[in-house]
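Start at 1 and go down the list; that is how both ligands and their atoms are numbered. Everything quoted here is computed from the prediction, not taken from an experiment.
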Amino acid sequence: MNVVILAAGMGKRMQSALPKVLHPLAGKPLLRHVIDTARGLSPQKLCVIYGHGGAAVPEMVATVAESTGSMIDTALQEPQLGTGHAVMQALPQLDDDQPTIVLYGDVPLTTIDTLRRLVEAAGSDKLGILTVEQANPFGLGRIVREDGKIVRIVEEKDATEAERAIKEINSGIMAIPTPHLKKWLAALSNTNAQGEYYLTDIVAQAVADGVPVVSSQPSGEWEVAGVNSKVQLAELERRHQLNIAHALLERGVTLMDPARIDVRGELICGRDVTIDVGCVFEGRVELADGVRIGAHCVLVNATVAVGTNIKPFCHIEDATIGAASQIGPYARLRPGTALGEDVHIGNFVEVKNSTVAAHSKANHLAYVGDATIGSRVNIGAGVITCNYDGANKFRTVIEDDVFVGSDTQLIAPVTVGKGATLAAGTTLTKDAPAGKLTISRSKQVTIENWKRPVKIKK
Ligand code: UD1
Ligand code: MG
């Protein structure tokens, strides 16, 4: 089939410099949702009609085409003279032997199943329209039927009182036999209330030509809901998140509140995963069996192994976490963090570009950056790996079974040998030998007969 996505409208009501179809829903531009759904139908031709927003829309389309290895054409519609005029811009790209599906770039949540049903209903020789009964159809095109058969679509602004009472609306999504589409578009006129070339006028032409007009319906009204304002964008975001939450619940994930989770990417969960309220997942996040995520955590491109407990208020990005570990509360794992099994990273500990092997612990207030840490290492409170001299970054190596006392600074590059102990308060500037106590600390003295100063009376 051919798929044409209409995305030339300007979206004035978004009150934004960004073209409407580039506004994100679940972290992904609206148009990208539609392109991804269209790609799911494996179309022979896919063409996006753009107008407003300069090069931003075709640039985004080119990026998607490149990253997915698919052919996506774009065509400029300038000026924008209506939905029929928009589809005309795609005509040179369309293959006559295949039906053409028209989608809207600002209607992000239509499912592939719904589109397949429409395509099936239309076959190769019928005009198919995706319609829905709406309690409040205001502003939308109405489906006019006679003896149950669709005879035309009338726009709100052109409709009579009686037609405005019709609740069945045109979603705008259609499947059309391509040779007919070409003929009908050529015959469109713009003598209507808006002075536009309406794609919807092809319906009456189909009826006149004896081409059967059929309809199919989506499983939910939200599937055909468009975004014209930030209010509608926010409503669809919530709807989409609720759909994701329900899918997670169906697969056995425990969500403390399905209305308080945000997945902006792909969240893959094993068995018996529990997620508390207010968590955000971005990119690809994998949670293995028995993982628990506490309230208000943000996880971006992360992998968490079996049985690990992430306590509340953690920020985790581009990190892998081993099994049976304890993270947080208030931990920050930055890109390049790889933690082994049974690792404890506690409150106000930041880890970056570092590996921490099994059974090691940094429980309080530490910075571990550009470090390689062995097994069973204890990092005390307030420890800092000083990895940056203002110009370059250097590594710290801490071998197995090391004890790093509180408030120690390790000035990289530096290595702490296996089983070494660093005394509290040490500023380590040279390698510390294995198995020994290393200490750098000024001697403690007590001044006899010293008196506190007293306030001088004026
Ligand atoms: C259109 C339909 C209406 C339907 C409604 C569903 C027509 C004449 N009317 O109405 O029956 O109920 O959608 O939302 O088709 N676009 C372009 N170029 C243009 C005009 C529009 O690319 O010149 C794109 C828009 O970016 C948008 C889509 O087409 O993605 C629909 O445009 P919109 O202005 O919202 O159409 P409506 O008049 O609301
Ligand atoms: Mg609209």
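For Ala8, a nitrogen or oxygen atom sits less than 3.5 Å from a nitrogen or oxygen atom of ligand 1, counting backbone and side chain alike. The shortest N or O to N or O distance between Gly82 and ligand 1 is under 3.5 Å. Inclusion of Thr83 in the set of residues having an N or O under 3.5 Å from an N or O of ligand 1 is warranted. At under 3.5 Å, a nitrogen or oxygen of Asp106, whether backbone or side chain, sits near a nitrogen or oxygen of ligand 1. For ligand 1, the polar-atom distance check against Ala86 finds no nitrogen or oxygen pair separated by under 3.5 Å. Looking at Asn228 next to ligand 1, no N or O pair under 3.5 Å apart turns up.
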Side-chain donor-acceptor contacts of residues 383-391 below 3.5 Å, not counting sequence neighbours, with atom names and distances?
unit_1	atom_1	unit_2	atom_2	d
Thr385	OG1	Tyr367	O	3.2
Thr385	OG1	Gly369	N	2.8
Thr385	OG1	Gly369	O	3.3
Asn387	ND2	Tyr367	OH	3.4
Asn387	ND2	Asp370	OD2	2.6
Tyr388	OH	Gly390	O	3.1
Asp389	OD1	Ala391	N	2.8
Asp389	OD1	Asn392	N	2.7

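Proximity annotation for atom 18 (N) of ligand 1: of Gln77, Met174, Gln80, Gln77 comes nearest, heavy atoms only. Of the candidates Asp158, Ile5, Leu6, it is Leu6 that places a heavy atom closest to atom 29 (O) of ligand 1.
Between His240 and His33, the ring-plane angle classifies as perpendicular under the 30° and 60° cut-offs.
The closest approach between a heavy atom of Leu81 and any atom of ligand 1 is below 4.0 Å. The shell of residues lying under 4.0 angstrom from ligand 1, judged by heavy atoms, includes Glu155.
In this model, a donor atom of one side chain and an acceptor atom of the other lie less than 3.5 Å apart for Gln217 and Thr131.
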Pair Val154-Arg164, side-chain contact (heavy atoms from CB on, under 4.5 Å): steps then yes or no: CA-CA 9 Å; Val154 62; Arg164 282 183 190 158; over 6 Å; no
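Of the candidates His85, Glu196, His52, His52 is the only one forming a side chain to side chain donor-acceptor pair (under 3.5 Å) with Gln80.
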